[in-house]
Colleague: 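Take this structure, written in structure tokens, and hold onto it; I'll ask about it next.
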Amino acid sequence: MPRGIPNAKKDDSGMRYTSMHVPLAPNPKHVGTSYLKSETQTIWSRNAARKKELMAEETAPSSEQRRGSHVIVIHPGSRFLRIGKASDVTPASIPNVIARRHKPPVPVPTYVEGISRPRKGQVPQLSVSASPDGDEYAVDITSDDPFDAKMGSIIVSLRERMRFYKLRVTCNAARVASTFNEQFKPEIIPEVNDPFLVDWIQDPLEDSEVLVGERALRLSDPQLLNYSVKWPIHGKNFNTRDYPSHQMILDDIETIISTVLSERFNVRRPDYKDYSVVLVIPDFYDRAYVREFVNILLVSLGFKQICVQQQESLAATYGAGISNACVVDIGAVNSSIACVDEGLVIPDSRITLNMGGDDITEFLYVLLERISFPYRDINLARWYDWAVMEDLKARLCTLAEGDVALNLYDFVVRKPGKPTEKYGLRAYDEIILAPMCIFEPRVIEFDRKHIGLRFIPHPDVTEEIIEHPVDHVTQAMIISTQHLLPPPSTVPTDVRHSPIPISQSQDENGGKQEQQEVSLPSTAHATPPPAVESFPQSTVGASGGVPADAPMDVIDVEGDVKPSPIPVLPQPQPSQSSVPVSSNYSGLGIDVCFEASKLPLDVAIFNSARASGGDDKIRKHLQAVLVIGGSALIPGMAHALESRLQAIATPLVPSMDKVQIIPPPKEVDPRVLAWKGAAVLGKMDSVADIWLTPADWDVLGMRGLRERCFYL
């Protein structure tokens, strides 16, 4: 290269499919003009100056107008859409569901079972009994059903914790509860005595082509009334299982938002041009999801401007008033974990688990069916029956071992066209075993959950923006699946080299494993470490290559912090060839995102903290764990997480103090904490620099979002 010509730098914001580089900025000393010498000459500064001139020409807003009253904050979720003005105290939580009139025959909604079931054709029986040697905490598996083996591992974990806290076990509680539930007859409640009577829609509505939110859920029989009921959001992406067309999803989302704004906030479509929007997106987002959502808000609905600056974890820290935290968001379908450091989400710490509150609800149903659930006609595919289980989960479930007792509960069933029935129910440890599935996810069928889902972007259409490895696979995911990675030659070479202490990881059945001290692959050395099982009798897969008698590190905590690690029943390990390879990014050989989504919640939190940096970062983030989402309301969640994280972190992190779970601010629902944080941003003066207008979106597209949002 000739002298005087600098080397072309890598342009992260350039085009993907070209070798042309953007020329470097000229040296101001060698230029006689003032062109592009200051930040004020960029397109963003020129737009901001033009906007101020237009605002000065317009009439000044009234002094009575509250700050943020023209900013709408939208936080879409799988079950609920949180939407409201930034000036409001709390958002409107609307069921994110829509019912459209459909020509017969109306398609039957699909229901995918995400929890293992006992063998069909056999009478539900109790296969776990007390040990004959008189130890009330011992568990003896008497069934050959694989479901009972998975259940046994969870019961062993519960019994060991009860032993540590010196809590008594009622050995015949399941038999007593089953006998009571079999004989119970429901009580009929007259309509005049039912304060929560549901006004069901039982006749066809001639003037309503679309029903949104709670009205859609009050349809007595959608198939009979010729309505198709769908939920457009599934987890952190669009619900492609129930929709044959991508555009139908976008149309339903647009209809839901516009209907809610019209009915709840009296904001009509002609007024959208006066309102700005703050959109809360997932931590580990799909770029196509963000692009389509912005396109709906700016192009289809025509809002004035949009800010996509808020990821859920960052918004939660804004709402809690803290700058550093490990944010755990337990949603309905997915759970996401990310570490926030000084107001920025650490990209490598993001990890998403394919389990959430819906799995707890379904597992509670499976457990209650084993003790003769008195409501015999329950069908989780019907919304009103699912609502019964949601109500039971909210009132019964707990993670406090001291609450386990043979108690009597009641619940009410409201069916369309039938009188209200009140049932009685006796349950023992089912109330704590159900939420424990997020710590012992053996009973969750992760492969079955992907049935029917498909990717939104077409394989032949790609973004023009340069993609980075962290957009697909994060360091936390690689740490979590290190024991599954193939030989070193296929490991990518663009991952930051950093020594990582040993930690637990997850095998394919949800069991916890331990790893030796590893160094993540770098350009010079790519040597994935072997994984060693926690139990001497089990062996590792082909990728480990470690004999069964290799030295192991066992987590053992003394004192009153947490009981010793709970032994897991040995199970045959599947071969590494059974690992799905549906999305093999950068030659990793396995679907890292899918395998990492099987981790127990406590292990995933620790691995996320490990990926944030060294020991100081791990200690800082584990001492500020913020739990949000609907499942954060389960009693005992904070102590359950603290004790389990303490058992993992104490022997592995030097000078580790007590793990702390930060409670949400007083009188703030953890389900709306992310929305509250986004509303705080919408009212700040500094947000004026990160608005994206429809004109910018039309010219720049996703490149404009990348300029305004540095993480996209």
Side-chain angles (χ1 to χ4, degrees), residues 71 73-78 81-83 86 91 233 235-238 277-294 297 306-331 333-353 356 465 467-468 470-477 593 604-605 608-609 611-612 621 624-629 632 664 670-682 684 686-687 689-692 702 705-712:
V71 177
V73 182
I74 300 176
H75 183 196
S78 301
L81 172 70
R82 321 278 183 193
I83 185 171
I233 303 293
K236 307 301 180 183
N237 214 321
F238 299 121
V277 175
V278 177
L279 177 64
V280 183
I281 63 174
D283 297 321
F284 193 71
Y285 52 85
D286 185 358
R287 190 171 287 169
Y289 171 86
V290 177
R291 182 186 66 245
E292 298 296 350
F293 236 113
V294 174
L297 297 173
I306 190 173
C307 170
V308 199
Q309 186 71 19
Q310 288 291 67
Q311 292 170 281
E312 288 174 340
S313 296
L314 183 60
T317 56
Y318 271 68
I322 54 180
S323 59
N324 301 285
C326 180
V327 182
V328 182
D329 182 5
I330 309 176
V333 176
N334 289 343
S335 300
S336 64
I337 303 148
C339 294
V340 179
D341 187 22
E342 299 298 337
L344 293 177
V345 176
I346 302 176
D348 273 326
S349 68
R350 299 173 299 167
I351 186 170
T352 301
L353 305 181
I465 300 178
E467 292 185 346
H468 301 279
V470 75
D471 295 335
H472 300 271
V473 177
T474 66
Q475 194 81 351
M477 297 178 182
C593 295
I605 295 173
S608 175
S612 64
H621 290 126
V625 180
L626 179 64
V627 185
I628 63 175
R671 294 173 292 188
V672 303
L673 193 61
W675 184 94
K676 292 279 288 184
V680 170
L681 178 74
M684 295 172 60
S686 59
V687 78
D689 298 331
I690 56 178
W691 289 117
L692 186 75
M702 287 295 290
L705 273 184
R706 187 178 182 86
E707 291 289 338
R708 297 291 83 191
C709 308
F710 44 82
Y711 56 81
L712 281 174

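For clarity, every value in this text was computed on a predicted model and none was experimentally measured.
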Colleague: Has R82 got a side-chain atom pairing as donor or acceptor with H75's backbone, closer than 3.5 angstrom?
Modeller: no
Colleague: Could you tell me which non-hydrogen atom of I233 sits nearest to which non-hydrogen atom of G235, and how far apart they are?
Modeller: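 That would be CG2-O, 3.8 Å.
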Colleague: Determine whether V327 and I628 make a side-chain contact, defined as any pair of heavy atoms from C-beta on separated by less than 4.5 Å.
Modeller: yes
Colleague: Between V278 and W691, is any pair of side-chain heavy atoms under 4.5 Å apart?
Modeller: yes
Colleague: CG/L681 to CG/L314 distance, rounded to the nearest 0.5 angstrom?
Modeller: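 If we round to the nearest 0.5 Å, L681:CG and L314:CG are 8.0 Å apart.
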Colleague: Which residues pass the side-chain contact (heavy atoms from CB on, under 4.5 Å) test with N334, not counting sequence neighbours?
Modeller: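 For N334, the residues satisfying side-chain contact (heavy atoms from CB on, under 4.5 Å) (neighbours in sequence not counted) are K236, T352, N354.
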Colleague: Are any non-hydrogen side-chain atoms of L279 and P76 less than 4.5 angstrom apart?
Modeller: yes
Colleague: Roughly how far, to the nearest 0.5 Å, is the CD1 atom of I306 from the CD1 atom of I690?
Modeller: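 Rounded to the nearest 0.5 Å, the CD1-CD1 separation comes out at 11.5 Å.
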Colleague: Measuring from D283:CG to C339:SG, what's the distance to the nearest 0.5 Å?
Modeller: 10.5 Å
Colleague: Any chance you could measure I346, atom CD1, to N324, atom CG, to the nearest 0.5 Å?
Modeller: 8.5 Å
Colleague: Got C326 and I605 here, is their nearest side-chain heavy-atom distance under 4.5 Å?
Modeller: yes
Colleague: Side-chain contact, heavy-atom cut-off 4.5 Å: L626 with L673?
Modeller: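 L626 vs L673: side chains touch.
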Colleague: Provide the closest heavy-atom pair for T474 versus D348 in the form atom of the first, atom of the second, distance.
Modeller: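 Minimum heavy-atom contact is CB-O, 3.7 Å.
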Colleague: Is it true that a side-chain atom of S335 and a backbone atom of L353 form a donor plus acceptor pair closer than 3.5 Å?
Modeller: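 No, S335 side chain to L353 backbone: no donor-acceptor pair under 3.5 Å.
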Colleague: Please report the shortest heavy-atom distance between I330 and G356, naming the atom on each side.
Modeller: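 Taking every non-hydrogen atom into account, CG2-CA, 4.5 Å.
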Colleague: Within a strict 4.5 Å, meaning less than it, do heavy atoms of the M477 and C593 side chains meet?
Modeller: yes
Colleague: To the nearest 0.5 Å, what is the distance between CG (D286) and CD (E292)?
Modeller: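 One finds 10.0 Å between CG of D286 and CD of E292.
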Colleague: Please examine the side chains of M702 and L705, heavy atoms only from C-beta on, and report whether any two atoms are closer than 4.5 Å.
Modeller: yes
Colleague: Any side-chain heavy atom of S612 within less than 4.5 Å of one from D341?
Modeller: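 Side chain of S612 against side chain of D341, heavy atoms only: no contact under 4.5 Å found.
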Colleague: Taking only residues two or more places apart in sequence or in another chain, which ones pass ring-ring contact (aromatic ring centres under 6.0 Å, His included) with F293?
Modeller: Y289
Colleague: Checking R671 now: which residues fulfil salt bridge (Lys or Arg N to Asp or Glu O under 4.0 Å) with it, not counting sequence neighbours?
Modeller: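 Partners of R671 by the salt bridge (Lys or Arg N to Asp or Glu O under 4.0 Å) criterion, ordered by chain and then number, come out as D669.
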Colleague: Taking all heavy atoms of A476 and all of S608, pick out the closest pair and write down the distance.
Modeller: CB-CA, 4.1 Å
Colleague: Where is the tightest heavy-atom contact between A611 and S349, given as atom of each residue plus distance?
Modeller: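 What the structure gives for the nearest pair is CB-CA, 4.1 Å.
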